[in-house]
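Okay, so here's the structure we're looking at.
Numbered from 1 within each chain, the chains take letters A, B, ... in sequence-line order.
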Amino acid sequence: MNRSLKTMTAVAAAAALSIGFVSAGHAATQTKIAFVMGAEADPFFQAMKVGAQAQATASNVNLVWQGDPSHYDVQTEVPIVDSVISQAPDGLVLIPTDPTGLQASSDKAVAAGIQVANVDTHVADLSKVLTFITGDNGDGGAKAADAIAGAIKYTKGKTYQVVVGLTSKTATTNVARLDGFKAQIAKKYPGIKIKDVAYSASNPQTASSNVNNWLTKYPNLSGIFAIDGTNASGAAAALQSKKLVGKVALVGYDAYPANVALLKKGVFTALIAQDPAAEARLAIKTLVAKIVNGKNPAKRDVVIPNVALTKSTSAANLKKYTYVAN
Amino acid sequence: MSFETVYEVRNVSKRYGSVVALDDASLKIGAGEVVGLVGDNGAGKSTLVKVLSGAHQPDGGQILLDGEEHVWHSPKIALEAGVETLYQESGLAPHLTVAQNVFLGREIPVKGILGKMGFLARKKMAADAEADLERIGIAFASSGRPVSALSGGQRQAVAIGRSVTWARKVIILDEPTNHLGARQAGEVLHIIENAKKQGLGVVFISHTLPHVLQVCDRIVVLRLGKIVKDAPASFFTNETLLGYITGAIQTLQEDAE
Amino acid sequence: MTDSKQDQLKPAGIGAGIAKLFSNQSILLVAVILVLGIFFSIQSGGDFAKVMVFNNILTDWGSIILLAVGQTLVVISGGIDLSVGATVSLSSVVSAFVMMNVFKWDGTITGDAATVPLLVGTLIAVLTGAAVGVVNAILINVAKIVPFIATLATLSAAGGLAIIISGGQPLQGPSNFSLISAFGDPRLNPFSFMIIAVIVVVVIAGLFIHKAKLGLYTYAIGSNTFAARGAGINVERHLTKVYVLSGVFAGLGGMYSYIRLGAGSPTSGSGMELYAIAATVIGGASLMGGVGRILGTVLGTLVLYTVQSGLLMINVSPDWKQIVVAILIAGAVAVQGFKFTSKRSK
């Protein structure tokens with residue numbers, strides 16, 4: 001009894017500690033908008049948070065930022081969304097980790113009079129959602145294929161070996177980028193053969209290990225597509241430790257400051273960047289327009305294109321697209 | 001036979017809340033003497049053992065070792081003063097070897113800086129453990145065997161051997177023959193006799209009255225927290241001893257005289 | 001009660017001889033590694049037999065073996081430390097953060113110029129790991145929370161702290177990739193400075209665990225806490241040492257990860273606690289305490305990464321990797337159970 005009490009206290013204290021860092025209280029008279037996602041610590045969402053916070057301050061919005069720090073998972077997201085809905089915000093920006101799994105929570109919010117926006121990913125039925133704003137991951141994959149083809153000076157009739165580092169088989173952004181990458185290769189670069197894929201399970205050391213093994217197995221490897229930030233970090237480390245920088249084309253994803261620095265050093269051939277901050281800003285803006293002024297957005301679905309950053313990208317653009325740490 | 005007193009408690013009492021576990025008990029143990037401690041469950045045996053071993057401090061009374069008064073703040077202090085206790089439940093570490101168990105807590109370090117860092121003279125300890133155990137009549141196995149490879153009787157022999165080896169003055173054995181077969185119990189009693197020959201004072205706590213009668217010089221009977229009889233072993237028969245334990249034979253009057 | 005007569009009931013002959021040989025976990029593991037190596041070499045058309053593969057395996061091995069050594073010590077004591085993976089993340093991030101923000105050493109410092117920063121970084125990572133170990137020890141010894149729950153709580157807290165400090169991004173401080181690159185021609189030599197350094201640390205740890213008081217007391221506590229206490233061992237103080245050491249090894253693992261990635265990453269240790277525990281169990285340690293050898297853990301880790309690397313080299317779908325690892329752990333536990341019952345029947 002006594003021991004289990006102590007255990008619960010310890011666990012509760014740890015939980016309270018982590019919650020305390022995430023939530024920040026504000027006055028109740030402002031417009032209140034909740035922002036819920038999975039894997040909150042992901043740099044992509046951290047960059048999004050910067051955009052969301054900036055727009056919230058500009059629009060006098062009380063921003064409630066919530067999400068499981070590490071799990072991109074419907075199991076952890078549903079209870080978080082439901083408890084946020086019970087706080088009765090005026091608007092909700094939801095990044096569903098699963099299109100059907102979050103449908104009920106989304107409908108519940110709408111029924112409670114809350115305006116719902118989807119960012120990055122969406123619920124299965126978008127009919128009741130005010131707006132859906134996303135980066136074009138398929139287009140990002142195609143841009144990655146172009147960047148690799150450019151770096152290896154693709155010539156018709158020759159064959160090239162490339163590999164793709166993924167985080168997991170099911171992460172929707174991974175799937176969309178890989179599909180875009182494959183489609184572009186099939187269309188424009190038939191000589192490029194995708195020899196293998198492997199998963200990092202969000203650990204850059206595992207991503208690095210996968211690339212190490214590929215570099216051994218495919219001595220003539222032409223290029224690597226590291227499909228997200230974790231794989232980009234791991235692949236960059238592997239190329240540097242195997243002294244193969246510049247010999248194997250590396251296209252990474254996500255403009256972490258660390259990755260941008262490596263792009264400048266020539267470790268990355270190109271970096272595909274999203275603009276998560278812009279997505280978040282637009283989501284908050286659209287919600288405020290509806291809640292405060294009753295204005296509907298011009299069109300519901302908005303796609304913000306990904307951009308390919310290279311060594312020759314202007315310093316101003318590099319700066320613009322680099323994800324800002326909070 | 002008379003013994004020179006080595007360990008003594010005078011008028012010790014111990015209460016746990018409102019329960020009087022030990023009431024004004026006095027006891028002497030001589031060098032080379034085996035004193036049996038018997039009594040029913042709840043008679044105060046284990047409380048007296050804890051007071052003797054330093055695990056508990058009495059509420060009142062004195063503890064004298066070699067005529068000098070001591071307060072045992074912890075069992076370790078009693079241990080260092082020469083009073084070894086083998087608890088019924090403590091036993092040995094089964095994954096360690098015989099030698100490691102014998103030397104546990106008293107390891108011999110190698111010489112020099114490595115010794116200061118905790119490196120151990122394992123060969124010396126193995127040889128010493130084997131010699132020490134053999135000296136008190138335990139010679140069945142190489143000291144390099146893990147204790148888990150020994151039989152129940154052998155384990156108990158090693159446990160007692162360990163206490164006898166280290167004891168300088170007194171050894172307290174709590175139910176050392178419990179759960180042992182006749183032959184194995186015989187070996188344990190043999191070790192107790194060897195300890196006696198070395199001049200150690202032995203306190204032997206047991207429910208098995210024939211063992212007590214066989215090995216003890218003197219027997220102390222506890223009942224309801226009081227010492228109700230303290231007499232040479234030859235004074236008792238199995239039946240009279242049982243009578244004092246159960247209270248069928250009343251003695252308080254007789255003692256008061 | 002056991003009896004010596006049963007000794008004679010054991011099966012005799014060649015079968016028994018082989019059984020006895022394989023009851024030595026280390027010999028069994030070496031045999032497993034050899035069989036796996038031959039299998040993967042044939043399946044991959046000789047690719048797996050390359051020296052560079054061995055370098056890849058050793059590089060992975062180095063990242064987990066430090067945690068696994070600490071874990072072995074904890075498991076011998078009868079406990080478990082789930083916080084080591086998060087401690088790797090935290091210590092690599094704290095080390096990067098302090099190097100970059102306190103000492104103002106940034107990512108432009110590379111090669112030999114990074115030597116002093118990386119040494120300072122190592123010290124910071126070790127101190128961070130030790131701090132997590134102290135928290136574990138307090139939760140276990142003072143608050144009397146069972147190790148599983150206590151270290152689960154610190155896993156969460158350390159992981160969260162790593163994210164807060166890093167802002168969820170890798171922090172790229174000073175780097176020197178030549179430390180993790182194989183010496184000379186990688187087609188001829190699988191060893192790097194970091195691999196040699198890890199081997200030295202593991203050997204020293206092995207000596208302290210198997211030849212010194214540190215290990216002996218840990219075995220005694222894991223084997224029979226009551227007996228250890230009875231022998232005058234301060235169990236709480238010793239367990240504090242054990243958990244702090246586990247934290248220190250995780251801190252070293254964090255620095256290994258930092259040097260390998262050239263950055264402190266808040267996810268660089270995620271999931272590693274399971275690999276560390278798996279390696280320990282495959283190496284023959286018992287989660288019941290009292291049993292475990294550093295050599296076994298070293299080989300257990302090698303088995304894990306031989307399999308991981310081999311599956312990739314023969315193009316097995318990555319989904320199968322997890323399943324194979326699970327089978328390995330189940331197999332190791334089954335072998336252990338068999339050994340335990342056969343020992344008991346003696």
Is the shortest heavy-atom distance from the side chain of [X] to the side chain of [Y] under 4.5 Å?
X: C:Thr151; Y: C:Tyr243; value: yes
X: C:Thr267; Y: C:Ser89; value: no
X: A:Leu63; Y: A:Lys49; value: no
X: A:Leu309; Y: A:Phe268; value: no
X: C:Met255; Y: C:Leu118; value: yes
X: A:Ser233; Y: C:Gln172; value: no

Among [options], which residue has the highest count of heavy-atom pairs closer than 4.5 Å to chain A?
options: C:Gly262, C:Ser181, C:Gly271, C:Ser268; value: C:Ser268
options: C:Ile180, C:Asp47, C:Leu261, C:Ile163; value: C:Leu261
options: C:Leu312, C:Asp60, C:Ile57; value: C:Leu312

What part of [X] gets closer than 4.5 Å to chain C, counting heavy atoms only: side chain, backbone, both or neither?
X: A:Asn213; answer: both
X: A:Asn210; answer: both
X: A:Ala201; answer: backbone
X: A:Tyr218; answer: side chain

For [X], is it the side chain, the backbone, both, or neither that has a heavy atom closer than 4.5 Å to a heavy atom of chain A?
X: C:Ser270; result: both
X: C:Ala162; result: neither
X: C:Asn176; result: neither
X: C:Ser92; result: neither

Whether A:Phe44 and A:Tyr323 hold their rings parallel, tilted or perpendicular, with breakpoints at 30° and 60°: perpendicular
Parallel, tilted or perpendicular: ring planes of C:Phe48 versus C:Phe40, cut at 30 and 60 degrees: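 Because their plane-to-plane angle lies in the 30° to 60° range, the rings of C:Phe48 and C:Phe40 count as tilted.
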Largest heavy-atom contact set with chain C, pairs under 4.5 Å, which of A:Lys217, A:Lys242, A:Gln205, A:Lys243: A:Gln205
Chain C interface, residue from A:Leu215, A:Thr206, A:Thr216 that has the most non-hydrogen pairs under 4.5 Å: A:Thr216
Whether C:Ser309 side chain and C:Thr306 backbone form a donor-acceptor pair below 3.5 Å: no
